[in-house]
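Shown next, in structure tokens, is the structure this report addresses.
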Amino acid sequence: MDGTGIWVAGGYQTDFARNLTREGGDSADLTAEVVRGTLESAGLGPDQVEVVHVGNAFGQLFTGQGQMGAMPATVEPALWGVPAARHEAACASGSIAVLAAMADLQAGHYDCALVLGVELEKTVPGDQAAGHLGAAAWIGHEGQDARFMWPWMFDKVAQAYDERYGLDDVHLQAIAQLNFANAKRNPNAQTRGWDVGQLVGTATDRADNPVVEGRMRRYDCSQVTDGAAGVVLVSDRWLAAHPQATRRPLARMLGWGHRTVGLGLQQKLDRSAEDPYLLPHVRQAVQDAFGRAGVTLDGVDGLETHDCFTPSEYLAIDHVGLTEPGKNWQAVEDGSIEAGGRLPVNPSGGLIGGGHPVGATGVRMLVDAAKQVTGAAGEYQVEGADTFMTLNIGGSTTTTVSFVVGSAPAA
């Protein structure tokens with residue numbers, strides 16, 4: 001150990017199929033569950049936590065509750081007085097919370113961090129929920145004519161691919177179908193009990209798959225979700241002082257990338273007009289993660305990526321380097337993104353199949369990546385996985401964060 005390593009000592013995810021409001025629960029109940037479950041997964045008591053970071057994007061809009069950084073201490077007395085903060089970066093809020101905790105540990109301020117992502121979204125009707133989520137766009141400058149902001153936005157991403165390289169909707173349908181199928185193997189996935197049947201070639205003919213915006217249909221979209229996820233991150237120093245912890249499977253944070261650009265989607269597309277990548281800052285975040293991890297895509301065994309809509313997963317395919325720019329369809333057609341393929345994508349079901357509680361998504365991705373490299377992913381385990389990657393985006397790729405996680409031994 002070189003003294004600067006950061007390890008995932010445990011992780012937990014709530015059942016994303018639940019509806020906390022119908023259960024009579026609120027953000028305190030959800031936070032209490034994820035605090036308890038995350039600490040139990042790491043074999044730690046709350047008194048061992050030195051700092052807390054919480055990802056939460058839309059607390060005030062969905063529940064009226066702000067100050068979510070204080071919620072862990074509200075529900076767990078042993079966290080009273082522990083430094084804590086809330087982080088907001090739309091759908092990348094959870095990953096930003098992880099980055100903040102990593103910075104704390106690498107700076108030597110603390111050696112054991114609890115990182116949570118928490119979001120309640122089923123507190124309001126679906127149309128109202130879509131309106132709340134639209135707050136992450138550039139308000140007053142884009143989407144004024146959209147009925148639903150984010151389907152409208154990612155229809156524009158699909159349109160931009162189509163104009164630049166061509167795009168056949170059958171490849172988007174295949175992405176959706178794969179993620180719903182993967183979700184059936186995940187006991188925490190929101191849609192694990194759904195039966196969407198055959199989407200490829202039939203998606204446009206089905207009454208249960210209506211148009212939402214443009215070419216985006218119901219099954220192209222991730223769901224409104226209640227859920228939370230958490231990880232315990234510890235430093236080399238902490239492991240040296242707690243050698244018994246190395247008896248548990250540990251995942252190591254190998255690398256990270258983080259890029260932030262302007263809010264407007266058209267700003268991004270205009271700036272990339274001469275670039276082979278549709279959104280080059282996403283490619284740069286991925287390359288930063290590879291560089292810090294000292295790996296290339298050939299050394300990565302799988303990817304948990306941000307499929308808020310099918311075009312966002314389509315985007316990930318060439319931006320992580322699985323194909324040349326614009327050749328994304330090849331990886332869909334040749335099975336590269338399926339289990340057993342060159343780079344299994346979203347074996348958990350991703351956001352479309354697994355669920356998308358916005359502030360929790362980045363942390364949930366990390367939980368699943370850590371499960372994969374420690375052999376704990378159960379029925380959706382990627383065989384032989386020892387290096388896994390995440391790609392989490394907020395807004396129209398306004399905030400992009402990527403992590404590379406490995407299974408290197410602790411000593």
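Count residues from 1 along the sequence. In this text, all values refer to a predicted model and were calculated from it rather than measured experimentally.
Side-chain contact of Gln372 with Asp301: a donor-acceptor pair under 3.5 Å is absent, judged by distance alone. With hydrogens and angles left out, the side-chain atoms of Asp220 and Thr310 include a donor and acceptor closer than 3.5 Å. Of the N and O atoms on the side chains of Asn209 and Arg217, not one donor lies less than 3.5 Å from an acceptor on the other residue. Residues Gln190 and Thr225 bring a donor and an acceptor atom of their side chains to less than 3.5 Å of each other. Checked by atom type, the side-chain pair Lys268/Thr397 shows no donor-acceptor distance below 3.5 Å. If you check the side chains of Asn56 and Gln65, you find no donor sitting under 3.5 Å from an acceptor. Under 3.5 Å, the side chains of Asn392 and Thr390 contain no donor-acceptor pair of N or O atoms. In summary, the side chains of Gln284 and Tyr277 do not present any donor paired with an acceptor at a separation below 3.5 Å, with no hydrogens or angles considered. Side-chain contact of His306 with Thr361: a donor-acceptor pair under 3.5 Å is absent, judged by distance alone.
Counting heavy atoms of neighbouring residues, nucleotides and ligands inside a 6.0 Å radius, atom CD of Glu324 does not exceed 12 of them. Around atom CD of Glu383, no more than 12 heavy atoms belonging to other residues, nucleotides or ligands sit under 6.0 Å away. Residue-environment remark: CD (Glu23) exceeds the threshold of 12 foreign heavy atoms within 6.0 Å.
Taking the ring axis of Trp152 as reference, the NZ or CZ atom of Arg147 does not stay both within 45° of it and closer than 6.0 Å to the ring centre.
Taking all atoms of both residues into account, the shortest heavy-atom contact from Cys112 to Val232 is SG-CG1, 4.0 Å. Contact record, Ser396 with Leu263: OG-O, 3.4 Å, taken as the closest heavy-atom pair. The two residues Ala101 and Ala113 make their nearest non-hydrogen contact at CB-CB, 3.9 Å. When all heavy atoms of Val35 and Pro72 are compared, the closest pair comes out as CG2-CB, 4.3 Å. Residues Ala183 and Gly353 share a closest heavy-atom pair of CB-O, 3.5 Å. Between Ser312 and Ile393, the shortest heavy-atom distance links the atoms CB-CD1, 4.3 Å.
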- Item | Verdict with supporting geometry, Val382 and Phe388, side chain to side chain contact (heavy atoms under 4.5 Å, CB included) | CA-CA 10 Å; Val382 174; Phe388 232 78; 4.0 Å; yes

- Message: Let's go through Met389 and Phe290 carefully: what are the C-alpha distance in whole Å and the side-chain angles of both, what is the deciding distance for side chain to side chain contact (heavy atoms under 4.5 Å, CB included) to 0.1 Å, and is it a yes or a no?
- Response: CA-CA 9 Å; Met389 185 177 189; Phe290 285 153; 3.6 Å; yes

- Item | From CA spacing to verdict: side chain to side chain contact (heavy atoms under 4.5 Å, CB included), Glu88, Ile96 | CA-CA 8 Å; Glu88 185 278 311; Ile96 296 298; over 6 Å; no

- Derivation and outcome, side chain to side chain contact (heavy atoms under 4.5 Å, CB included), residues Met71 and Val54: CA-CA 9 Å; Met71 191 58 77; Val54 180; over 6 Å; no

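Side-chain atoms of Phe403 and Leu99, non-hydrogen and from C-beta on, do get closer than 4.5 Å to each other. Contact annotation: the side chain of His242 approaches that of Gln48 to within less than 4.5 Å [non-hydrogen atoms, C-beta and beyond]. Counting heavy atoms from C-beta outward, Glu304 and Arg364 have side chains that approach closer than 4.5 Å. Residues His281 and Thr260 are not in side-chain contact: their nearest non-hydrogen atoms beyond the backbone lie 4.5 Å or more apart. Two residues are said to be in side-chain contact when any heavy atoms from C-beta on lie closer than 4.5 Å; Asp226 and Arg18 fail this criterion. Annotation: side chain of Asp368 is in contact with side chain of Tyr380 (closest heavy-atom distance under 4.5 Å). With contacts defined as side-chain heavy-atom distances shorter than 4.5 Å, the pair Tyr12/Arg36 does not qualify. Counting heavy atoms from C-beta outward, Leu391 and Ser402 have side chains that approach closer than 4.5 Å.
In this structure, Gln60 CD and Met68 CE are separated by 9.5 Å, a value rounded to the nearest 0.5 Å. In this structure, Asp104 CG and Asp111 CG are separated by 10.5 Å, a value rounded to the nearest 0.5 Å. With values rounded to the nearest 0.5 angstrom, Trp329 atom CH2 is found 9.0 Å from Asp334 atom CG. One distance of note links CG of Leu343 with CG of Asp298; it measures 10.0 Å at 0.5 Å rounding. Considering CG of Leu20 and CG of Leu30, their distance stands at 5.0 Å, rounded to 0.5 Å. The CH2 atom of Trp7 lies 6.5 Å from the CG atom of Leu250; values are rounded to the nearest 0.5 Å.
Not a single donor-acceptor pair under 3.5 Å links the side chain of Arg259 to the backbone N or O of Arg283. Between the side chain of Ser272 and the main chain of Leu269, a donor-acceptor pair closer than 3.5 Å is present. Counting only distance, with no hydrogens or angles, the side chain of Arg248 and the backbone of Ala9 share no donor-acceptor pair below 3.5 Å. The closest donor-acceptor contact from the side chain of Ser348 to the backbone of Gly350 lies under 3.5 Å. One N or O on the side chain of Thr74 and one on the backbone of Ala70 form a donor-acceptor pair closer than 3.5 Å. In this structure a side-chain-to-backbone donor-acceptor pair under 3.5 Å is present from Glu119 to Gly359. Looking only at distances, a side-chain donor or acceptor of Glu121 sits under 3.5 Å from a matching main-chain atom of Val358. Using modelled atom types, no side-chain atom of Asp236 and backbone atom of Leu239 make a donor-acceptor pair closer than 3.5 Å. Using modelled atom types, no side-chain atom of Arg192 and backbone atom of Asn186 make a donor-acceptor pair closer than 3.5 Å. Under a 3.5 Å cut-off, the side chain of Arg206 and the backbone N or O of Val196 do form a donor-acceptor pair.
Below 30°, between 30° and 60°, or above 60°: for Phe62 and His132 the angle between ring planes is above 60°, a perpendicular geometry. In this structure, Trp194 and Phe180 have parallel ring planes: the angle between them is below the 30° cut-off, well short of the 60° mark.
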